[in-house]
Amino acid sequence: MCMKIQVISIFPEMFPSVLETSMLFKAKDKGIVEFDYINLRDFGLGPRKSVDDIVYGGGDGMLLKPEPLIASIEYAKTEVPKSKIILMTPRGKRFNQATAKQFADDKQNLILVCARYEGYDERVVEFVDEQISIGDYVLTGGELPAMVVIDSVVRLLPGVLGGETSAEIESFSDGETLEYPQYTRPEDFRGKKVPKVLLSGNHAEIAKWRRQNSKKAD
Ligand code: ADE
């Protein structure tokens with residue numbers, strides 16, 4: 001089954017270079033995922049296709065107006081029904097590996113709404129299913145966060161990663177243990193040696209070393 005991911009943004013041109021490279025391109029090529037970039041500007045108002053406006057009550061900057069945002073969401077929904085609508089915002093729920101896994105397991109189609117400028121009209125939140133933040137810092141728009149979410153979800157879809165357990169070794173059952181250090185050839189690089197146990201061929205000892213050297217997330 002193909003997962004459809006639509007992004008709504010005033011800078012849709014930011015996406016292809018990231019989403020159509022490497023693993024994500026392979027996922028698309030194999031028909032596991034499909035991307036659609038929707039230009040918010042196409043839903044702008046008036047001859048200038050305006051998407052933003054001043055802040056009621058005063059304040060610097062401009063806010064994204066509700067009409068173009070909601071019209072673009074409604075358009076996306078007619079193209080792909082039964083999608084989960086997610087607004088990228090620093091005020092959203094913190095995104096983590098468990099949420100990425102949940103989205104990948106659900107395989108529900110996603111509409112990722114990228115806000116810009118100083119923000120968006122608050123009434124927009126009533127039209128979305130979830131609000132997601134990728135961390136406690138403020139970016140200039142939701143585009144990079146949307147790419148982070150897409151990358152972390154798509155690589156977990158069945159058939160995307162080469163090694164069958166590559167996605168599993170990164171995090172153990174608690175979902176918080178990060179990958180252990182790994183080495184490739186040469187055995188000795190400028191005097192820095194690969195830990196002996198990894199060359200031993202003793203699988204039990206190697207597994208123990210890897211467990212002991214897996215970093216816990218802070
Ligand atoms: N837009 C701006 N900053 C963001 C963040 N940290 N997470 C999600 N969307 C954002």
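The first residue in the sequence is number 1, and the count goes up from there. Order of appearance sets the numbers: ligands from 1, and atoms from 1 within every ligand.
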For ligand 1, output the ligand-protein N/O contacts shorter than 3.5 angstrom; if there are none, return none.
| unit_1 | atom_1 | unit_2 | atom_2 | d |
| --- | --- | --- | --- | --- |
| ligand 1 | 3 (N) | L139 | N | 3.0 |
| ligand 1 | 6 (N) | G135 | O | 3.1 |
| ligand 1 | 6 (N) | Y137 | O | 2.8 |
| ligand 1 | 7 (N) | I134 | N | 3.0 |
| ligand 1 | 9 (N) | T89 | N | 3.2 |

List the steps and the verdict of side chain to side chain contact (heavy atoms under 4.5 Å, CB included) for I5 and L112.
CA-CA 7 Å; I5 302 182; L112 302 180; 4.3 Å; yes

Can you give me the closest heavy-atom contact between V7 and A146, atom names plus distance?
CG1-CB, 4.1 Å

Quick one: side-chain hydrogen bond (donor to acceptor under 3.5 Å, both in side chains) pairs with a partner in residues 8-34, sequence neighbours left out?
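Those involving residues 8-34 are S9-E143, E20-K28, E20-Y37.
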
Taking ring pair (Phe, Tyr, Trp, His ring centres under 6.0 Å) as the cut-off, I'd like each qualifying pair that reaches into residues 43-78, sequence neighbours left out, listed once.
F43-Y75

Could I get the full list of side-chain contact (heavy atoms from CB on, under 4.5 Å) partners for I73, not counting sequence neighbours?
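Applying side-chain contact (heavy atoms from CB on, under 4.5 Å) to I73 gives I8, I70, K77, I85, V113, V128.
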
Can you tell me how far the CG atom of L63 sits from the CD1 atom of I54, to the nearest 0.5 Å?
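Reported to 0.5 Å precision, the distance equals 9.0 Å.
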
